[in-house]
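Written out below as structure tokens is the structure these notes cover.
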Protein chains: 4
Amino acid sequence: MQIKKEEVREAILTTAEKEFLEKGFNNASLRKIVKNAGTTIGNFYNYYESKEALFVALVEKEYNGFIHLINGHHAIKKPEINEADKNDIGLIRTIINHYLEDFVKVLSDRFILLIECSEGTPYEDTKQLIIRLLEEHFIEHIQEHNANYSNKEMGEILAKQFLEGFTDILRKYKKTEIRQKLITELIVFYSFGVMALTQ
Amino acid sequence: MQIKKEEVREAILTTAEKEFLEKGFNNASLRKIVKNAGTTIGNFYNYYESKEALFVALVEKEYNGFIHLINGHHAIKKPEINEADKNDIGLIRTIINHYLEDFVKVLSDRFILLIECSEGTPYEDTKQLIIRLLEEHFIEHIQEHNANYSNKEMGEILAKQFLEGFTDILRKYKKTEIRQKLITELIVFYSFGVMALTQ
Amino acid sequence: MQIKKEEVREAILTTAEKEFLEKGFNNASLRKIVKNAGTTIGNFYNYYESKEALFVALVEKEYNGFIHLINGHHAIKKPEINEADKNDIGLIRTIINHYLEDFVKVLSDRFILLIECSEGTPYEDTKQLIIRLLEEHFIEHIQEHNANYSNKEMGEILAKQFLEGFTDILRKYKKTEIRQKLITELIVFYSFGVMALTQ
Amino acid sequence: MQIKKEEVREAILTTAEKEFLEKGFNNASLRKIVKNAGTTIGNFYNYYESKEALFVALVEKEYNGFIHLINGHHAIKKPEINEADKNDIGLIRTIINHYLEDFVKVLSDRFILLIECSEGTPYEDTKQLIIRLLEEHFIEHIQEHNANYSNKEMGEILAKQFLEGFTDILRKYKKTEIRQKLITELIVFYSFGVMALTQ
DNA sequence: GATGAATGAGCTTTCATTCAT
DNA sequence: CATGAATGAAAGCTCATTCAT
């Protein structure tokens with residue numbers, strides 16, 4: 001029956017998400033997932049063809065949405081800030097916060113799966129992909145402020161750190177408003193940090 | 001064959017360090033370690049009494065040195081900077097760089113093992129310990145600048161990020177001078193980021 | 001294949017009982033047990049969660065029944081023998097034999113596992129427990145006959161010996177009537193042996 | 001050097017005896033024996049050609065002495081007791097005690113090794129051998145008292161029990177006098193037990 | 001749709017023994 | 001005389017996956 005099936009599928013997804021988040025893909029135990037979902041190993045394979053397929057089912061939407069985003073289809077328009085306002089941190093905070101609103105709503109915990117728990121899956125390169133994107137972004141900013149800044153290596157380091165802080169916020173805080181507030185702080189922090197570096 | 005002893009011990013340590021760095025303690029395969037070291041499982045136990053003992057052999061010096069450090073025996077004196085110089089980033093950079101000199105020399109790659117690959121070992125709490133220390137440090141700084149800053153959660157987030165950036169530098173760059181330079185940049189970055197947050 | 005389930009479970013229990021009886025718990029090889037049972041190590045763990053759990057499955061009923069017994073729930077009433085009849089061994093034999101009837105029926109070979117093959121399991125103290133009980137019993141008897149008997153050490157020695165004889169009978173003779181007959185002889189033997197000691 | 005060698009040999013024998021007594025031959029660890037003896041695995045094989053040879057070295061004298069004994073070369077003369085005295089237990093005790101004197105002096109703890117710890121060695125049948133001898137002895141006695149006694153199975157059971165009690169005394173009591181006293185009690189116990197059985 | 005039996009490779013660890021030095 | 005490096009088999013246990021029912 002369709003209804004029954006979907007209940008089981010959902011139960012598996014729910015417990016799997018928890019297990020993958022805690023242990024990562026490789027260390028997650030399929031046995032424990034299905035047990036906690038109230039079904040059996042055998043039945044699991046009626047719903048998903050492998051442990052990997054289960055992981056894919058959890059993150060593919062998140063992944064595709066993200067790829068769509070970075071391909072510019074839903075690009076977050078860059079907020080324009082007058083040169084005069086660039087030192088008014090309160091104002092900048094407000095603007096960032098506003099621009100983050102839609103973005104944060106869309107974030108789900110599965111983003112964490114994609115970034116931090118995907119080793120051993122087809123998505124294991126996603127983290128690197130995002131780091132590269134962020135790195136480009138940081139380097140752009142750095143160039144903008146000071147084309148002579150010599151520590152190009154900082155681009156990648158900051159990118160990795162930023163992503164770490166970002167997923168850390170998602171792991172620890174589940175309420176949209178708090179996430180939005182903290183990500184805003186993070187962006188402020190990185191903006192001024194980068195400015196300092198390049199002075 | 002006993003002449004080879006130290007060679008084998010070294011070979012095991014070398015391949016183990018690599019395997020632990022790549023997979024973490026729990027996921028590292030002793031079989032692979034000894035195979036890559038050119039010996040056998042049975043022989044491994046002539047050198048180390050367990051997988052855990054092997055890990056301990058790799059990191060205990062590093063750990064003890066670190067604990068000694070944070071207990072203040074070789075405390076890094078806080079550089080004194082005149083109020084007037086606080087905005088002279090070039091000067092600050094020079095001072096930090098100078099103060100880092102001895103510290104960076106002491107850093108080995110095994111610090112990464114301690115922080116990022118020690119789950120399942122007696123050292124698994126070291127990362128949290130360091131994050132707590134850094135968090136205190138960040139919160140102090142934040143308080144200093146602005147006792148009313150409300151996003152206390154940022155203390156832990158920044159702490160975790162900083163440690164991530166720090167070990168990332170160690171993972172990617174092996175030369176002392178480059179490490180010293182990049183860690184300096186990291187500290188500059190965090191100092192001004194924190195200042196921005198609290199304005 | 002799931003129809004076979006109980007067959008396999010039984011096969012494992014059967015071969016395990018044999019192996020445990022021959023080698024004891026610690027020295028029994030799970031690989032040999034499952035091989036003789038016609039299955040594999042991996043499959044074994046679909047039936048029992050550990051080697052220990054397998055042993056427990058074999059003896060827990062026996063153990064619980066025994067504990068119930070010594071807690072007096074089904075206490076064997078002490079046969080009353082007239083002072084005048086105390087030297088009529090034929091009569092005593094008949095009485096003991098009668099009183100043993102229900103007790104012997106309940107005995108299974110797994111009692112041997114409990115007593116002689118349980119080192120390394122949660123039941124490893126059962127033998128000592130029984131020896132202590134028997135020792136108390138023997139000491140009581142000795143006191144009754146001769147409160148001045150000085151070789152108190154004999155209590156424990158006789159207790160251990162008696163239990164040895166008892167399990168030996170179980171090991172060698174499988175028919176209820178024969179067991180009943182031999183245990184009767186054993187009790188007669190000990191009764192008069194104790195009387196002789198204390199004269 | 002001869003002296004040095006014998007020290008090592010003795011050290012190995014001493015620790016081996018302890019380990020074999022505690023764990024039995026199969027479960028004894030050669031590594032632990034040599035470690036406790038203050039030498040190394042490699043050196044062990046300069047003294048004994050195998051774990052088995054070590055065991056043999058411990059018990060062969062004891063075994064040969066015992067075989068010599070049962071072959072009648074040093075037969076313990078059967079004490080002659082007048083028919084009239086057969087019920088004077090005090091007297092019987094004295095006589096047995098006297099006859100045991102030389103025998104008990106000769107007993108060493110290695111007899112326990114031979115009987116209870118020799119599984120896996122060439123001596124593993126010794127226990128059965130002795131049980132057979134004792135069985136014959138008991139059956140003889142039984143026949144003597146009552147040729148019609150029907151429970152012939154008791155011969156083997158009593159034999160096994162007796163040996164158990166005997167080695168138990170050796171395990172628990174190390175002083176010659178106490179051993180002598182308790183073995184006397186044991187013999188008295190069995191003598192009158194057998195008499196009771198056959199009445 | 002659901003069950004769980006079955007498989008085989010993997011894990012870390014212990015062992016007695018051999019032998020080059 | 002002594003050392004301990006080396007081996008290979010065995011131990012109990014976990015795993016993802018397959019498939020008969």
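Below, chains carry the letters A, B, ... as their sequence lines are ordered, and counting in each starts from 1. Everything numeric here is computed off the predicted structure, so don't read it as measured data. Because only heavy atoms are used, hydrogens play no part in the values below, and waters and symmetry mates are left out as well, while side chains stay in.
- For F/dA16, the base has a donor-acceptor partner in the side chain of A/Arg31 [N/O atoms by modelled type, under 3.5 angstrom].
- Residue-level contact check: C/Ala28 touches the backbone only, with heavy atoms under 4.0 Å from sugar-phosphate atoms and none from bases.
- Look at F/dA20: its Watson-Crick or wobble partner, with both distances under 3.5 angstrom, is E/dT3.
- In this entry the distance linking CG of D/Asn46 with P of E/dA20 reads 14 Å, nearest Å.
- For the pair C/Glu6 CD and E/dG4 P, the computed distance is 12 Å after rounding to whole Å.
- Remark: side-chain polar atoms of C/Glu62 are paired, donor with acceptor, to backbone N or O of C/Ser108 under 3.5 angstrom.
- OP1 or OP2 of E/dA6 sits under 4.0 Å from a side-chain N or O of C/Tyr47.
- In this structure, the CD atom of C/Glu49 is 13 Å from the P atom of F/dC15, given to the nearest Å.
- For the pair C/Glu22 and C/Lys18, the salt-bridge criterion is met [side-chain N within less than 4.0 Å of a carboxylate O].
- Using Watson-Crick or G-U wobble geometry with both donor-acceptor distances under 3.5 Å, F/dG12 finds its partner in E/dC11.
- Contact annotation: B/Tyr45 reaches the phosphate of E/dT13 (side-chain N/O to OP1 or OP2, under 4.0 Å).
- Here the shortest heavy-atom pairing between B/Leu54 and B/Ile12 reads CD1-CG2, 3.8 Å.
- Per the geometry, CG belonging to B/Asn26 stands 14 Å off C1' belonging to F/dT14, to the nearest Å.
- When rounded to the nearest whole Å, the span between CG of A/Asn43 and P of F/dA20 equals 17 Å.
- Here F/dA16 presents its C1' atom at 14 Å from NZ of A/Lys32, a figure rounded to the nearest Å.
- Proximity of a side-chain donor or acceptor of D/Glu164 to a complementary backbone N or O of D/Lys160 within less than 3.5 Å is not detected.
- Mapping C/Phe44 and B/Gly38 onto DNA chain F by nearest heavy atom places B/Gly38 closer to the 5' end of the strand.
- The side chain of D/Thr40 contributes no N or O atom lying less than 4.0 Å from OP1 or OP2 of F/dG4.
- Going from atom CG of C/Asn27 over to atom P of F/dA11 covers 11 Å, rounded to whole Å.
- Taking the six-membered ring where the residue is Trp, C/Phe25 and C/Phe55 present perpendicular rings, their angle passing 60° and hence far from 30°.
- Where D/Leu30 and B/Leu30 each meet DNA chain E at their nearest nucleotide, the meeting point lying more 5' is that of B/Leu30.
- Between D/Thr39 and F/dT3 there is a side-chain N or O to OP1 or OP2 distance below 4.0 Å.
- The interatomic distance linking B/Ile41 (CD1) with E/dC11 (P) rounds to 8 Å, in whole Å.
- Toward the 5' end of DNA chain E, the nearer of the two residues A/Gly42 and B/Glu52, judged by each one's closest nucleotide, is A/Gly42.
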